[in-house]
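Data first, discussion second: the structure below is written as structure tokens.
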Amino acid sequence: MKNSVFSDYKVFAGNSHLELAEEIASIMGKPLGRATVNKFSDGEISVNLWETVRGIDCYIVQSTCSPVNDNLMELLIMIDAMKRASAGRINAVIPYYGYARQDRKAKARDPITAKLVADLLVAAGADRVVTMDLHAAQIQGYFDIPVDHLVGMPILSRYFASESLDNIVVVSPDHGSVTRARNMAEYLNAPIAIVDKRRPEPNKSEIMNIIGDIEGKNCILIDDMIDTAGTITNAANALKDLGATSVKACSTHGVLSGPAIERIQNSAIEELVLLNTLPIPAEKKIDKMKVLSVAPLFAEAMTRIFTNGSISKLFD
């Protein structure tokens, strides 16, 4: 077993979200570790570490967002490089954990990619994973190493609490986000409502019914991720049609692929609040969008891991 006490720690980053990595390192009072992640002419990924990591507690900040396969391979190769350079401990800091949506066999012959990626990270040499708002909390159990699963809901809740809205109802856009909605509702001392929807095929949803009283209310929709934005915009439009006074939406991960921005722009959503677990390109930032930083939370978690402090206090 590796020694749990390290003389120092270093923060490294792949190419997926350098801005977040730099912000985290700055809060921790450290420069980013010197490493280059490039590609050979045939597309293979090349990693070079330009400083020693021997016996050091290493943190690699890398969201496995688009281009997902490139960013995942960068992370795996960086882990392997550190393992072969005798790093004391290798912590994969993955604010957005890709391939998480296939977390079970929903039908015959389905893969379970969330487990596959977990196996790859462990096989590469990761000793710990720090992530936020997995698509399903049970994905933590796919790892045979410690997982610190941070929660974005308190950051979002504090933002809405500061806006001093009244007559609020927190709405889950589907049954999968009910617990998340209930936790935010408790924080804001508000009731909840649930959108009962049917999904005829992936990335398409059909609104069926709304459980709860939303007429004349200021609704806040909360979800773990917004990908093509079909679910969240259909829910928002239905809430407005059924008498909601206003509709705001929030999510931890703003994937925003395909027609997402156009759908959000043309929907009943008045304000969309996202966390910066993955980069949001300038061309996708619209006036009704607000982006909050997760860097202080990750910096605090990483500091506590290094000092063997309690992480559970950060879940509140």
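What's counted below: heavy atoms across the whole structure, side chains too, no hydrogens, waters or symmetry copies. Start at 1 with the first residue, then count along the sequence.
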Arg180 CZ to Leu156 CG distance, which is reported to the nearest 0.5 Å: 10.0 Å
Would you say Met225 ends up clustered with Val129 if hydrophobic residues are merged whenever their side chains have heavy atoms under 4.5 Å apart, either directly or through other cluster members? no
Is the CD atom of Glu19 crowded by more than 12 outside heavy atoms at less than 6.0 Å? no
Leu275/Met132 under side chain to side chain contact (heavy atoms under 4.5 Å, CB included): CA gap, chis, key distance, verdict: CA-CA 10 Å; Leu275 302 183; Met132 175 173 274; 4.1 Å; yes
CD (Glu51) with more than 12 external heavy atoms under 6.0 Å: yes
Please check if the side chain of Asn38 supplies one atom and the backbone of Ser46 the other of a donor-acceptor pair under 3.5 Å. no
Between Gln62 and Phe12, is any pair of side-chain heavy atoms under 4.5 Å apart? no
Around atom CG of Asn48, are there more than 12 heavy atoms of other residues, nucleotides or ligands at under 6.0 Å? yes
Taking the side chain as every heavy atom from C-beta outward, state whether Asn167 and Thr245 have any pair of such atoms under 4.5 Å apart. no
Donor-acceptor contact below 3.5 Å, side chain Asp133 vs main chain Gly152: yes
At their closest point, which heavy atom of Val294 faces which heavy atom of Asn276, and how far apart are they? N-OD1, 2.8 Å
Going by atom types only, do Asp224 and His253 share a side-chain donor-acceptor pair under 3.5 Å? no
How long is the span from the CZ atom in Arg182 to the CE atom in Met153, to the nearest 0.5 Å? 12.0 Å
Honestly curious: do Val130 and Leu18 fall in one hydrophobic cluster under the side-chain, below-4.5 Å linking rule? yes
Smallest heavy-atom separation, Pro173 atom then Ile232 atom, equals CG-CD1, 4.3 Å
Could you walk me through whether Arg89 and Asp57 pass the salt bridge (Lys or Arg N to Asp or Glu O under 4.0 Å) check? CA-CA 5 Å; Arg89 179 171 61 185; Asp57 194 18; 2.8 Å; yes
Following the transitive rule for hydrophobic clusters with a side-chain heavy-atom cut-off under 4.5 Å over Ile, Leu, Val, Met, Phe, Trp and Tyr, establish whether Met184 and Leu150 coincide in one cluster. yes
Less than 4.5 Å apart, side chain to side chain, heavy atoms only: is that true for Ile60 and Asn91? no
Taking the side chain as every heavy atom from C-beta outward, state whether Ile226 and Leu272 have any pair of such atoms under 4.5 Å apart. yes
With no hydrogens and no angle check, is any side-chain donor or acceptor of Thr64 less than 3.5 Å from a backbone partner on Tyr96? yes
Atom pair CG (Asp174) and CG (Asp196), whose distance is rounded to the nearest 0.5 Å: 10.0 Å
Please confirm whether Lys290 makes a cation-pi placement over Tyr159, using NZ or CZ under 6.0 Å from the six-membered ring centre and within 45° of the ring normal. no
Main chain of Leu256, side chain of Lys284: is a donor-acceptor contact present, judged purely on distance under 3.5 Å? yes
Got a second to check how far Tyr97's OH is from Thr131's OG1, nearest 0.5 Å? 8.0 Å
Check whether any side-chain N or O of Asp223 sits under 3.5 Å from a backbone N or O of Ser251 as a donor-acceptor pair, and report yes or no. no
Find the distance between CG (Asp80) and CZ (Arg84) and round it off to the nearest 0.5 Å. 4.0 Å
Side-chain donor/acceptor of Arg304 to backbone N/O of Ser310, under 3.5 Å: yes
Does the side chain of Leu221 reach to within under 4.5 Å of the side chain of Leu239, using non-hydrogen atoms? yes
Test side chain to side chain contact (heavy atoms under 4.5 Å, CB included) applied to Thr52 and Ile56, step by step: CA-CA 8 Å; Thr52 184; Ile56 298 292; 5.6 Å; no
List the atom of Lys240, the atom of Ala268, and the distance in Å for their closest heavy-atom pair. CB-CB, 3.8 Å
As an exercise, state the distance from OG of Ser157 to CD of Glu186, rounded to the nearest 0.5 Å. 10.5 Å
Any side-chain heavy-atom pair from Val171 and Ile192 closer than 4.5 angstrom? no
Distance only, no hydrogens: is a donor on one side chain within 3.5 Å (strictly under) of an acceptor on the other, for Ser63 and His17? no
Tell me yes or no: between the side chains of Tyr99 and Asn69, is some donor less than 3.5 Å from an acceptor? yes
If I compare all heavy atoms of Ile280 with all of Lys285, which pair ends up nearest, and what's the gap? O-CE, 3.2 Å
Stepwise side chain to side chain contact (heavy atoms under 4.5 Å, CB included) test for Asp119 and Tyr142: CA-CA 8 Å; Asp119 288 344; Tyr142 296 170; over 6 Å; no
Whether Lys30 side chain and Tyr9 backbone form a donor-acceptor pair below 3.5 Å: yes
Looking only at heavy atoms, which two atoms of Gly230 and Thr233 are closest? And how far apart? O-OG1, 3.4 Å
Lys10 vs Tyr59 side-chain heavy atoms within contact, under 4.5 Å: no
Has Gln138 got more than 12 heavy atoms of other residues, nucleotides or ligands less than 6.0 Å from its CD? yes
Any donor-acceptor N or O pair under 3.5 Å, side chains Ser16, Glu74: no
Apply the test salt bridge (Lys or Arg N to Asp or Glu O under 4.0 Å) to residues Arg104 and Asp110: give CA-CA distance (whole Å), side-chain angles for both, the deciding distance (0.1 Å), then the verdict. CA-CA 8 Å; Arg104 68 196 187 286; Asp110 271 359; over 6 Å; no
Within the side chain of Asn15, is there an N or O that forms a donor-acceptor pair under 3.5 Å with the backbone of Asn71? no
So, Lys248 and Glu270, do they make that salt bridge, N to O below 4.0 Å? no
Taking every heavy atom of Ala81 against every heavy atom of Val47, the minimum-distance pair comes out as CB-CG1, 4.2 Å
For Gly141, is there any backbone N or O sitting under 3.5 Å from a side-chain donor or acceptor partner on Lys115? no
Derivation and outcome, side chain to side chain contact (heavy atoms under 4.5 Å, CB included), residues Leu32 and Val61: CA-CA 10 Å; Leu32 274 182; Val61 181; 5.9 Å; no
Quick one: does any side-chain atom of Ser26 pair with a main-chain N or O of Glu23 as donor and acceptor, under 3.5 Å? no
Would you kindly say whether His135 and Asp103 are connected by a side-chain donor-acceptor distance under 3.5 Å? no
Would you say Ile145 and Asp127 make side-chain contact, with heavy atoms under 4.5 Å? no
